[in-house]
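Report on the following structure.
Quick caveat, the model's predicted, so the values are computed rather than measured. Residues: numbered from 1 along the sequence shown.
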Amino acid sequence: MVLNELYALTHWIELEISEKQILEKYQALHAVLNQNAQPNQPKQPFEQHKETLVDALSSVSLGRLTHEQTAFLHNLGIAQYVGEAGITHLEEILFKNSLDIATAVTKIAEINQSISSGISKAGQIQTGLEGCVEQLEPEIEQVLMRVHFAGHASMENIIALKAWGNTWFEIGRGIAMATGGAPEEIKIVAANKGSIIFDLAVTYGIAEVASKVVLRGLEIVERALKIRAEVENIRHLKLQNKKIAQELNDELQQEKQAAIDKAIEELVKELNLNKGNQGDKKEALSKAISKLIDFIEQGGEVDFVMPEETEGEEAESKGESAKSVKELKATIQQVRMLENSIKAIEHDHDA
């Protein structure tokens with residue numbers, strides 16, 4: 001994560017955590033539960049405090065954060081206690097099995113401490129970076145498409161580097177052509193260490209199509225994981241079921257190909273590539289969609305970083321309609337929600 005994104009995260013914490021009084025709402029619930037845990041004290045209802053907290057947690061806009069920002073928020077001890085994850089965790093504390101007041105008081109006190117510490121650390125980071133971080137303003141407003149070469153899509157040697165380089169040339173070429181652009185319009189603006197990460201500056205048109213392909217790819221991966229889990233369950237039964245397992249594997253491959261074909265058909269129709277002599281664009285887009293979905297299925301990730309302010313009249317002034325920007329943001333949020341769902345499935349499978 002680059003410094004300007006870290007700095008932006010500290011401001012996000014101010015808006016989404018501090019100003020929404022997430023910590024104070026956790027503390028209010030803790031106070032009621034703590035009173036109920038005391039012997040010979042009248043019991044107070046806590047449902048209203050719990051509902052107020054849940055409403056606040058559900059309003060936290062995690063979908064605006066990049067992968068790196070979300071991971072850093074988790075390291076600060078905040079991400080796991082807000083949004084859907086926070087609500088699920090709270091429900092488990094209060095209602096899983098039967099309510100153990102003493103345990104609930106302890107666990108919520110730990111959450112309070114974690115969030116309080118995270119807010120404090122974020123404040124220190126913001127103070128330290130104040131005046132040192134420049135907000136980059138590119139000449140033409142673009143979207144960053146952040147490509148993570150991870151999992152089986154990692155670059156462990158120069159052969160893999162060449163293979164994935166060729167793959168991403170086909171992906172970029174296909175999507176650029178389909179949107180009326182050229183591959184050279186996709187600029188590599190940064191490359192980071194770790195599980196090699198490239199930042200690609202792309203136009204809104206390319207980002208819009210790419211985000212839709214990523215979303216469909218993640219839907220395919222999610223479905224595949226569920227089917228594979230069923231196959232593994234059958235194998236673990238150690239019964240005479242090899243035929244059933246093979247049939248499920250066959251179904252997985254058929255569903256995957258059908259989903260890819262459907263994604264291609266929908267995007268070709270949406271981009272009006274069936275009209276006129278545009279066979280080369282259709283072929284290039286089809287190849288790009290197949291390769292991008294394969295990249296995702298092998299563990300690669302694609303994230304999108306929107307400019308800080310691109311709405312309404314400002315969007316119009318940059319040649320983008322407010323509707324298109326809104327739709328792109330909505331797709332990016334769907335992508336991140338689906339990524340979290342897939343991680344939960346993988347976690348359950350590994351447990």
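Looking at every heavy atom in both residues, Ala210 comes nearest to Leu292 through O-CD2, 4.2 Å. Of all non-hydrogen atoms in Ile119 and Ser18, the two that sit nearest each other are CG2-OG, 3.9 Å. The two atoms that bring Glu19 and Leu15 nearest to each other are CB-O, 3.5 Å, heavy atoms only. Contact record, Glu16 with Lys20: OE1-NZ, 2.6 Å, taken as the closest heavy-atom pair. Residues Val305 and Val143 approach most closely at O-CG1, 3.6 Å, considering heavy atoms. Across Phe304 and Ala207, no two heavy atoms sit closer than the pair CE2-O, 3.9 Å.
A 4.5 Å side-chain heavy-atom check between Glu301 and Ile296 finds every atom pair outside the cut-off. You'll find the side chain of Thr331 stays beyond 4.5 Å of the side chain of Glu208, heavy atoms only. When side chains are defined from C-beta on, Phe72 counts as touching Ile125, because their heavy atoms get closer than 4.5 Å. Looking only at side-chain heavy atoms (C-beta outward), Leu129 and Thr10 stay at 4.5 Å or farther from each other. When side chains are defined from C-beta on, Glu339 counts as touching Val335, because their heavy atoms get closer than 4.5 Å. Taking 4.5 Å as the limit, some side-chain heavy atom of Lys50 sits within range of a side-chain heavy atom of Glu91. With contacts defined as side-chain heavy-atom distances shorter than 4.5 Å, the pair Lys121/Ser117 qualifies. In this structure, Leu338 and Gln334 have side chains that are not in contact, with every pair of non-hydrogen atoms separated by 4.5 Å or more.
For the atom pair CD1 (Ile171) and CD1 (Ile206), the distance works out to 12.5 Å, reported to the nearest 0.5 Å. To the nearest 0.5 Å, atoms CG (Leu57) and OG1 (Thr52) are separated by 10.5 Å. Atoms CD and CG, from Gln333 and Leu328 in turn, are 10.5 Å apart once rounded to the nearest 0.5 Å. Distance check: Leu90 CG to Ile111 CD1 gives 6.5 Å after rounding to the nearest 0.5 Å. To the nearest 0.5 Å, the span separating CD1 on Ile101 from CG on Asn36 amounts to 5.5 Å. In this structure, OG on Ser290 lies 4.0 Å from CD1 on Ile264, to the nearest 0.5 angstrom.
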Residues Lys256, Glu297; criterion salt bridge (Lys or Arg N to Asp or Glu O under 4.0 Å); working and verdict: CA-CA 10 Å; Lys256 175 185 173 182; Glu297 190 175 34; 2.6 Å; yes
Could you walk me through whether Arg223 and Glu219 pass the side chain to side chain contact (heavy atoms under 4.5 Å, CB included) test, one step at a time? CA-CA 6 Å; Arg223 175 62 178 158; Glu219 290 170 348; over 6 Å; no
Side chain to side chain contact (heavy atoms under 4.5 Å, CB included) assessment of Leu73 paired with Ile13: CA-CA 9 Å; Leu73 190 69; Ile13 291 171; 3.8 Å; yes
Begin with the C-alpha distance, continue with both residues' side-chain angles, and end with the deciding distance and a verdict on side chain to side chain contact (heavy atoms under 4.5 Å, CB included) for Leu285 and Met177. CA-CA 8 Å; Leu285 179 63; Met177 286 179 63; over 6 Å; no
Could you go through Leu23 and Ile17, starting from their C-alpha distance and side-chain angles, then the distance that decides it, and tell me whether this counts as side chain to side chain contact (heavy atoms under 4.5 Å, CB included)? CA-CA 7 Å; Leu23 177 58; Ile17 306 300; 5.8 Å; no
Before you tell me yes or no, could you show the steps for Glu170 and Asn166 under side chain to side chain donor-acceptor pair (under 3.5 Å), namely the whole-Å CA-CA distance, both residues' side-chain angles and the distance that decides it to 0.1 Å? CA-CA 6 Å; Glu170 296 289 353; Asn166 289 336; over 6 Å; no
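For Met337, the CE atom is loosely surrounded, since the number of other residues' heavy atoms within 6.0 Å does not exceed 12. Within a 6.0 Å sphere centred on NZ of Lys25, other residues, nucleotides and ligands contribute more than 12 heavy atoms. Heavy atoms from other residues, nucleotides or ligands lying under 6.0 Å from NZ of Lys262 number 12 at most. Sparse packing is recorded around CD of Glu283, with 12 or fewer heavy atoms of other residues, nucleotides or ligands lying under 6.0 Å away. Under a cut-off of 6.0 angstrom, the local environment of CD in Glu156 is sparse, with at most 12 non-hydrogen atoms contributed by other residues, nucleotides or ligands. Under a cut-off of 6.0 angstrom, the local environment of NE2 in His152 is sparse, with at most 12 non-hydrogen atoms contributed by other residues, nucleotides or ligands.
Remark: side-chain polar atoms of Ser58 are paired, donor with acceptor, to backbone N or O of Asp55 under 3.5 angstrom. The backbone N or O of Ala31 sits nowhere less than 3.5 Å from a side-chain atom of Gln35 that would complete a donor-acceptor pair. With hydrogens and angles disregarded, a donor-acceptor distance shorter than 3.5 Å links the side chain of Thr179 to the backbone of Ile175. For Trp12 (side chain) and Leu62 (main-chain N/O), no donor-acceptor pair under 3.5 Å exists by modelled atom type. The backbone N or O of Tyr81 lies less than 3.5 Å from a partner atom in the side chain of Tyr26, making a donor-acceptor pair. With hydrogens and angles ignored, the 3.5 Å screen pairs a side-chain donor or acceptor of Ser286 with a backbone N or O of Lys282.
Of the options Arg336, His148, Gln69, a side-chain hydrogen bond (donor to acceptor under 3.5 Å, both in side chains) to Asp303 is made by Arg336 and by none of the others.
The hydrophobic cluster containing Val209 does not contain Phe169, counting ILVMFWY residues as joined when their side-chain heavy atoms lie under 4.5 angstrom apart, directly or transitively. A chain of hydrophobic side-chain contacts below 4.5 Å, direct or via other Ile, Leu, Val, Met, Phe, Trp or Tyr residues, connects Phe95 to Leu33.
Lys269 and Glu265 are not joined by a salt bridge, as no carboxylate oxygen comes within less than 4.0 angstrom of a charged side-chain nitrogen. We find that Arg146 and Glu68 are joined by a salt bridge, their nearest charged nitrogen and carboxylate oxygen being less than 4.0 Å apart.
Annotation: Tyr7 is in aromatic contact with His11 [ring centroid separation under 6.0 Å].
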